[in-house]
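Comments concern the structure below.
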Amino acid sequence: MPANDAGRHGFLGAAPPPGEAPHRYMFVVHALDTPRLDITTEATPAWLGFRLVSHGPARAGLTPVFGIEPGLTAG
């Protein structure tokens with residue numbers, strides 16, 4: 001798994017700071033024409049995207065928007 005925007009290998013979770021404008025979260029499912037993309041853990045998100053586009057005949061996405069009102073907490 002390549003590193004995420006925070007430089008970690010894993011999911012960060014969804015929760016913008018309270019009072020900040022709502023964030024968009026993009027979930028995309030790719031149909032691939034190969035069983036493996038053959039990328040390393042050192043691969044960049046750009047390289048992963050290139051491999052997905054070059055081996056993806058189809059994809060679908062969902063983009064929910066989420067925010068937390070000032071004074072409230074996530075969870």
Side-chain angles (χ1 to χ4, degrees):
M1 174 185 297
N4 57 33
D5 290 339
R8 293 178 29 199
H9 297 276
F11 181 65
L12 291 175
E20 189 170 300
H23 290 191
R24 295 179 307 142
Y25 297 91
M26 300 176 77
F27 298 91
V28 180
V29 177
H30 296 264
L32 301 176
D33 61 4
T34 181
R36 297 182 55 87
L37 291 176
D38 294 324
I39 61 171
T40 67
T41 58
E42 291 81 28
T44 64
W47 180 245
L48 172 59
F50 173 78
R51 299 294 289 169
L52 286 171
V53 169
S54 63
H55 286 287
R59 68 179 172 185
L62 175 68
T63 306
V65 177
F66 177 71
I68 303 172
E69 293 181 28
L72 298 178
T73 59

TODO: For Thr63, check side chain to side chain contact (heavy atoms under 4.5 Å, CB included) against everything at least two apart and list the hits.
DONE: Arg24, Met26
Task: Shortest non-hydrogen contact between Ala31 and Pro57, atoms and distance - done: O-CD, 3.0 Å
- [ ] Return the set of residues passing side chain to side chain donor-acceptor pair (under 3.5 Å) with His55 (not counting sequence neighbours), or none when no residue passes.
- [x] Asp33
Task: Sequence-distant partners of Arg36, salt bridge (charged side-chain N to carboxylate O under 4.0 Å, His left out), two or more places apart - done: Asp38
Open item on the list: Please list all pairs meeting salt bridge (charged side-chain N to carboxylate O under 4.0 Å, His left out) that have one or both residues in residues 56-66, counting only residues at least two apart or in different chains.
Closed with: none
Open item on the list: Rounded at 0.5 Å granularity, tell me how far CG in Leu48 sits from NE2 in His30.
Closed with: 7.5 Å
- [ ] State which residues pass side chain to side chain contact (heavy atoms under 4.5 Å, CB included) with Pro22; sequence neighbours excluded, sorted by chain then number.
- [x] Val65
- [ ] Keeping to residues at least two apart or across chains, list the side chain to side chain donor-acceptor pair (under 3.5 Å) pairs with something in residues 45-54.
- [x] none
- [ ] Please name the pair of heavy atoms, one in Tyr25 and one in Pro64, separated by the smallest distance, quoted to 0.1 Å.
- [x] O-CD, 2.8 Å
TODO: Say whether Leu32 and Val28 are linked into one hydrophobic cluster, either directly or through other cluster members, by side-chain heavy-atom distances under 4.5 angstrom.
DONE: no
